Amino acid sequence: MDFGWTDRDQAFRARVRDFLAQELPSDWDEIRRHGPGSKEQTEFSLEFCPKLASARLLVPHWPTAWGGGELSTWEHFILGEEMWAAGEPRGAQYMNVNWIGPTLMRFGSEEQRRAFIPQMAAGAAIWCQGFSEPDAGSDLAALRTRAVLDGDHYVINGSKIWTSYAGLAEHCFLLARTAGAPGDKSGITIFLVPMSTDGIEVRSIPSLIGHGDIHETFFTDVRIPATSRLGGEGEAWSIITYSLANERVGIPRYELSSRVLGDMVAALKQRGQFRDSAVQARAGAAHAACEAARLLVYRVVDQLANGRDPDADANIARVAVIRADHAVTDFGLDFLPDTFSGTGHPAHLAHHERAIVAGIAAGAAEIQLSLVARRHLDLPREAC
Amino acid sequence: MRFQPNEDQSTFFTVLEQMMGSGGAGWRAGEDWVRFDWSAEFDQLLEENGFFDCAAEEDLGAVAAADMVFCLASLPVTLECAASSLLRPQFFPHLPRPLAVIEDEASAVRFLPVARSILHIGEDGVRAALIEPMMVEPVESIFAYPMGVLRDAPIQWMKIDADPHLVSENWRIAIAAELAGALKGGLESVLAHVRDRKQFGRPLGSFQTIQHRLAGAASSIEAARLLVLKAAQSLDPVDSATALGYVQDASTDIVYDLHQFMGAMGLTLEHPLHRWTYRARLLRSSLGGALGNMQLASVRRWGEA
């Protein structure tokens, strides 16, 4: 067991930080306050990601054949930490980098790979993820959006909800049912759908978490060529299980939490309010929550790096990450409430808005706890 | 960053696990329903086989020693392993063990009735002394440790040539490891219960309320263990205060839940749950308690003002 970084990892982190210091503009805080799914940040990502690509920092962990540098799992993870802590200047493109691209490499047809991967590697592709539906949230297999084969096309009808980035995305990584009833995982298929196709309507949902972050997406008699299918019919569940294994620990939120906590402490010190032992103790507790999350996540990364399945360790880590996000934002709400209003601190506000999502997006906290109970604690399946 | 043990550590923990599964380390009710089970035989077995000295072994080190404390503290028997494993090998290897560490001169001290040496860690230095049973007055206590106070006998203190701050930080890590291990032992005991015990026609462990709270406890205990191991390697004073503060803070809710889910059986001295929870109830206040350690971590990280 060794909790230190290798020289190579440290050098890579320094390289990413140098790049961010050089390339993030002076008004970045103003851009980021709109949120990763906003028009402002999406447009910025289309300027920023090509620069990352030129510096060979957009997809450094991808195979060289697809523009990558074959860097390690740890280096990929360090990249994610630094980007998220900086406010995720890659916007929606982090999904391409982390899982959509690698999924296409593994399961895509030659035509699909050629059509989509080079654009992703160049930093010029915006995708959205069409998973959740009004009646299929945590219970994703209950989805009802249906794709029916009609000659050499599929016709898609249904709707998706909470779709991040849908307003500006060019393509959707869509799950739709080609067979079976809601609840049947084996009847779900993946489609790579151009968002400009007739019959797709996107409505933005005003929300607490940033402008343009979440949407409803309606599919009415949307005709797409059968070649838009990824893998075979009914293979969606096994493919996304692979895809999301790359995302097992989710976003490295604790890194931003830790840095925001440091900023909050600095602000309190400036105001002379950090002498209070109660404030100090609460800051220490929030720090501990961040470090707890960090180590649990690192354990999962280490397992992935060594080709092992993290299984429930990933769920355990997710629980701690959610706690850390809330510990920091609650600390800010208790002792620096003014920074969340008016001309307050944009990074604190941005962190607060992300923290409220932490326990809901990508598998709710309670789902994680149920998985820990079953997989790690070997408790019987919950009865209804 | 590597979370897997090296080859020597793997072998070490395989053997330790075998020993932990042997007789002498398991649950047995104490005579006259005393609240702890001091296993002199198992303690001696570990000592004779050099387990308490593993921190001094290059390929095992302080991380393995801290992990061993975590493992041993999860047993229902009470072992003096924290000071012996994380202080003795590097600061006073020649002192006979078991050791008792005096934190607060006004309170009863755990392990004192079985200790052969005592330690005092002060701002101005570290002192040690050899003691005899006649120098100790055993004290009845709710906590699942042999507790005692020193009688008014003269004590021959020896000054230990060690940095008191370094000794103190190692002690902080040792307590955190022991507390995390005690919580782990209690959790395992309750898990066995809720898997088997049926009410309303189904196992208690199938109720979502119970599942979620035990899963939350498991996440905290896993995190506490990693914070302890990292602190044992780094010896960074922020890390040690963070580790102890974190596990002390978590212990309140965990101990509450463990007793809730064990129900009335957990109130008896026939069931071992108290062997873990009543160690945790004492350790939660060590070295300033949760608030004190959180504050200490904060001040060490960011300064006073």
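Since the structure is predicted, the reported quantities are computational estimates derived from the model, not experimental observations. Convention: sequence-line order gives letters A, B, ...; per-chain numbering from 1.
Ranked by non-hydrogen atom pairs under 4.5 Å with chain B, the options A/Gln270, A/Glu291, A/Arg308 are led by A/Arg308. The candidate with the highest count of non-hydrogen atom pairs below 4.5 Å against chain A, out of B/Ala250, B/Gly61, B/Gly303, is B/Gly303. The choice from A/Gln368, A/Arg282, A/Arg323 that makes the most heavy-atom pairs within less than 4.5 Å of chain B is A/Arg323. Options A/Thr6, A/Leu295, A/Val372, A/Val279 differ in how many heavy-atom pairs under 4.5 Å they form with chain B, and the most are formed by A/Leu295.
Only the side chain of B/Pro203 comes within contact range of chain A, with heavy atoms under 4.5 Å apart.
Contact record, A/Ala283 with B/Ser298: CB-OG, 3.7 Å, taken as the closest heavy-atom pair. Taking all atoms of both residues into account, the shortest heavy-atom contact from B/Ala223 to A/Leu296 is CB-CD1, 3.7 Å. B/Ala218 and A/His376 make their closest contact through CB-CD2, 4.1 Å (heavy atoms, listed as atom of the first residue, atom of the second, distance). The two residues A/Leu379 and B/Gly205 have their closest heavy-atom pair at CB-O, 3.7 Å. Residues B/His212 and A/Glu366 come closest through the heavy atom pair NE2-O, 3.2 Å. Closest approach of B/Phe3 to A/Met1, counting heavy atoms only: O-CG, 3.3 Å.
Panel note: side chain B/Ser219, backbone A/Ile316; a donor-acceptor pair is recorded below 3.5 Å. Distance alone, capped at 3.5 Å, is enough to place a donor-acceptor pair between the B/Arg195 side chain and the A/Asp378 backbone.
When side chains are defined from C-beta on, B/Met1 does not count as touching A/Asp302, because their heavy atoms never get closer than 4.5 Å. Between B/Met294 and A/His287, the closest side-chain pair of non-hydrogen atoms is not below 4.5 Å. Taking the side chain as every heavy atom from C-beta outward, B/Trp302 and A/Leu261 approach each other to under 4.5 Å.
For A/Leu71, the CG atom is densely surrounded, since the number of other residues' heavy atoms within 6.0 Å is greater than 12. With a 6.0 Å radius and a threshold of 12 heavy atoms from other residues, nucleotides or ligands, A/Ile367 has its CD1 atom above the threshold. In B/Arg2, the CZ atom is crowded: over 12 heavy atoms of neighbouring residues, nucleotides or ligands sit closer than 6.0 Å. The environment of NZ in A/Lys269 is crowded: more than 12 heavy-atom neighbours from other residues, nucleotides or ligands sit within 6.0 Å.
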Decide side-chain hydrogen bond (donor to acceptor under 3.5 Å, both in side chains) for A/Asn306 and B/Gln4; before the verdict, give the C-alpha distance in whole Å, the side-chain angles of both, and the deciding distance to 0.1 Å. CA-CA 10 Å; A/Asn306 288 292; B/Gln4 285 300 300; over 6 Å; no
Run the side-chain contact (heavy atoms from CB on, under 4.5 Å) test on A/Leu369 and B/Gln211 for me, step by step, so that the C-alpha distance in whole Å, both residues' side-chain angles and the decisive distance to 0.1 Å come before the verdict. CA-CA 7 Å; A/Leu369 290 169; B/Gln211 291 199 348; over 6 Å; no
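To the nearest 0.5 angstrom, A/Tyr298 atom OH is 9.0 Å from B/Lys230 atom NZ.
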List the atom pairs, with distances to 0.1 Å, where a side-chain N or O of residues 179-191 of chain B and a protein N or O form a donor-acceptor pair under 3.5 Å, not counting sequence neighbours.
from     : atom 1 : to       : atom 2 : distance (Å)
B/Lys184 : NZ     : B/Glu188 : OE2    : 3.3

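Contacts with chain A (heavy atom to heavy atom, under 4.5 Å) involve no residue of residues 12-20 of chain B.
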